[in-house]
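Here's the structure, in structure tokens; my notes come after.
Numbers for residues simply follow the sequence, beginning at 1.
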Amino acid sequence: MIEKMRKTTRLWSPTDIVIDPKTGALSEPLDGFEQAVECLARGGLMAIPTETVYGLAADATNSTAVAGIFSAKNRPSFNPLISHLPNLEAAQHYGQFNDDALRLAEAFWPGPLTIVVPKQPHSSIADLVSAGLDTIALRVPDAPLMRALSYTLDRPLAAPSANRSGRVSPTSASHVIEELDGRIDVIADLGSCSVGVESSVVFCASEQAVTLLRPGGLSSEAIEDCLGKVLLRAGSDDETPSSPGMLTSHYAPSCPVRLNAVTVNEGEALLAFGPDLPDGSEQASSILNLSVSGNDLEAAQNLFAGLRQLDSNGTSLIAVAPIPDDGLGEAINDRLRRAAAGR
Ligand code: TXA
Ligand code: MG
């Protein structure tokens, strides 16, 4: 086996990033910005925070750089990546937006929603980004640095979550260091992510229906209200599109996870939700409450850091209290089911 080339990973902590909210262009000078643009232009790999999770970004039109993302993460190459753009107009250079796609983009971008649309013919995005599919996943994140870098580079930034494949997504720079130190060029540190779970992914490449491929940081209720129709669910029958990336076991801590725990056994760690704790909680080796008040937004924000923390305490099992499925609860429960699967 060939040893993976070890890189020196540089930590960059920019402050006071000011952009034009409409275009995403940087509107005030920023220390280190030019160097960061040059790094990406040369095909470098940079961890950049978004409102959802930290992404591992590279120039989406540079196939060598994109291959570097797959290799740094040990990601299977059949799993396509999201391309991040500074604004909707830029996104339309790469994807064909139907009425539903346009309506969603106008309502929710910049924000935690990824829209899968047919690729524009002659798109310069590397084939590896879409894993050979004729559709492309596009997102304008609510992330000033990502938008400004993409705007100045004048290229989409391909970025999966900045973790090794199959592991919990990073929501702070220290998580990225744990995952990818020595494998990438730069980690931009802007603190913790405000949403905390990955974007919702919708498939808008058919005229009739919109399919939810992955529940995420934007609630299904909000998407359905905007569209005025019900979302199909991926894999609900043979006709509905599905997403190559939705492997059943994913987002996994290293210890087993037990869901919907209404009792806790001695020595188990408890991931709690809301004011009422399950029976036996006093026997837990440690307790982390995602949201004492039972707020889904707060719980999403704390989810991945919470799993990491309980996992690092060396516990034998993480028991997860029941979490209602509404709002961001759908995405939280999706990630927790994957964390619990296959063990
Ligand atoms: O919040 C997020 O979405 C983060 C940040 C960094 O933007 N990114 C992220 O990327 O979660 P990743 O690679 O972990 O997840 C991308 C998802 C995968 O489930 C992948 O299969 C799906 O999007 N996807 C990408 N392109 C697709 C396509 N053409 N058709 C269907 N699914 C696609
Ligand atoms: Mg991921």
Please lay out, stage by stage, how Asn98 and Cys204 fare under the test side-chain contact (heavy atoms from CB on, under 4.5 Å). CA-CA 7 Å; Asn98 64 17; Cys204 281; 4.2 Å; yes

Between Thr152 (side chain) and Ala148 (backbone), is there a donor-acceptor pair under 3.5 Å? yes

4.5 Å side-chain heavy-atom contact, Ile187 and Glu179: no

Treating Gln120 as the side-chain partner and Gln92 as the backbone partner, does any N or O pair qualify as donor plus acceptor under 3.5 Å? yes

Does Asp334 form a salt bridge (Lys or Arg N to Asp or Glu O under 4.0 Å) with Arg338? I'd like the steps, not just the answer. CA-CA 6 Å; Asp334 171 83; Arg338 289 170 207 286; 2.8 Å; yes

Taking Val53's backbone N and O only, do any of them form a donor-acceptor pair with Glu198's side chain (distance below 3.5 Å, no angle check)? no

Cluster overlap Leu231 with Val201, hydrophobic side-chain contacts below 4.5 Å: no

Between Thr114 and Ser199, a side-chain donor and acceptor under 3.5 Å: yes

Looking at residues at least two apart in the chain, or sitting in another chain, which of them share a side chain to side chain donor-acceptor pair (under 3.5 Å) with Asn302? none

More than 12 foreign heavy atoms under 6.0 Å from CZ of Arg103: is that the case here? no

Leu328 with Leu212, same ILVMFWY side-chain cluster at under 4.5 Å: no

So does Asn265 have more than 12 non-hydrogen atoms from other groups sitting under 6.0 Å from CG? yes

Any chance you could measure Leu190, atom CG, to Ser192, atom OG, to the nearest 0.5 Å? 10.5 Å

Given 3.5 Å as the limit, does a donor-acceptor pair link the side chain of Asn62 with the main chain of Ala41, or not? no

Can you confirm whether more than 12 heavy atoms, excluding those of Glu34, are under 6.0 Å from its CD atom? no

Thr315 versus Ser286: any side-chain heavy-atom pair under 4.5 Å? no

Without swapping roles, check the side chain of Thr211 against the backbone of Leu232 for a donor-acceptor pair under 3.5 Å. no

Contact between Arg167 and Arg308 at the side-chain level, heavy atoms closer than 4.5 Å - yes or no? yes

CG of Leu56 to NZ of Lys73: how many Å apart, nearest 0.5 Å? 7.0 Å

When rounded to the nearest 0.5 angstrom, what is the spacing between OG1 in Thr9 and CD1 in Ile177? 8.5 Å

Sequence neighbours excluded, which residues qualify as side chain to side chain donor-acceptor pair (under 3.5 Å) partners of Lys22? none

Quick check: closest heavy atoms across Pro170 and Asn163, and the distance to 0.1 Å? CD-OD1, 3.6 Å

Tightest non-hydrogen contact, residues Cys255 and Asp311, listed as N-OD1, 3.3 Å

Does one hydrophobic cluster hold both Val202 and Leu81, with members joined at side-chain heavy-atom distances below 4.5 Å? yes

Same apolar cluster: Leu288 and Leu270, side chain cutoff 4.5 Å: no

Under 3.5 Å: donor-acceptor pair, side chain of Lys229, backbone of Val210: no

Report yes or no: do Val66 and Leu133 belong to one cluster of Ile/Leu/Val/Met/Phe/Trp/Tyr joined by side chain heavy-atom distances under 4.5 Å? no

Glu266 atom CD: more than 12 heavy-atom contacts under 6.0 Å: no

Write down the atom of Ser83, the atom of Ala60, and the distance for their closest heavy-atom approach. OG-CB, 4.1 Å

Do Pro156 and Thr61 come close enough that some side-chain heavy atom pair is under 4.5 Å? yes

Run the numbers on Leu26 and Ile17 for side-chain contact (heavy atoms from CB on, under 4.5 Å), then give the verdict. CA-CA 8 Å; Leu26 196 69; Ile17 303 165; 4.1 Å; yes

Student check: side-chain heavy atoms of Thr171 and Leu303 closer than 4.5 Å: no

Do Glu51 and Arg147 pass the salt bridge (Lys or Arg N to Asp or Glu O under 4.0 Å) test, and can you show the C-alpha distance, the side-chain angles, and the key distance before you say yes or no? CA-CA 12 Å; Glu51 78 281 38; Arg147 290 178 71 195; over 6 Å; no

Does atom OH of Tyr151 have more than 12 heavy-atom neighbours from other groups under 6.0 Å away? no

How many angstroms lie between atom SG of Cys226 and atom CG of Asp100, to the nearest 0.5 angstrom? 9.0 Å

Quick one: does Gln301's side chain have a donor or acceptor within less than 3.5 Å of a partner on Ser194's backbone? yes

Nearest 0.5 Å, please: how far is CZ in Arg10 from CE in Met46? 7.0 Å

Let me see the working for Arg233 and Ser220 under side-chain contact (heavy atoms from CB on, under 4.5 Å), right down to the final yes or no. CA-CA 10 Å; Arg233 300 301 160 120; Ser220 305; 3.9 Å; yes

Between the CD1 atom in Ile115 and the CG atom in Leu213, the distance rounded to the nearest 0.5 Å is 11.5 Å

Do Phe33 and Leu149 have side chains that get closer than 4.5 Å, going by heavy atoms? yes

Got Thr135 and Ser130 here, is their nearest side-chain heavy-atom distance under 4.5 Å? no

For Gln96 and Pro121, work out which heavy atoms get closest and say how close. NE2-CD, 3.5 Å

Please examine the side chains of Arg183 and Ser71, heavy atoms only from C-beta on, and report whether any two atoms are closer than 4.5 Å. no

Any chance you could lay out the side-chain contact (heavy atoms from CB on, under 4.5 Å) test for Asp296 and Asp326, step after step, and finish with the verdict? CA-CA 8 Å; Asp296 60 324; Asp326 39 45; 5.9 Å; no

Which heavy atom in Leu307 sits nearest to a heavy atom in Ile318, and how many Å separate them? O-CD1, 4.1 Å

Matching residue for Arg139 among Leu113, Leu85, Thr50 - test: side chain to side chain contact (heavy atoms under 4.5 Å, CB included): Thr50

Gly43 backbone acceptor or donor facing Asp59 side chain under 3.5 Å: no

Which pair of non-hydrogen atoms, one from Glu268 and one from Ala319, has the smallest distance, and what is that distance? OE1-CB, 3.8 Å

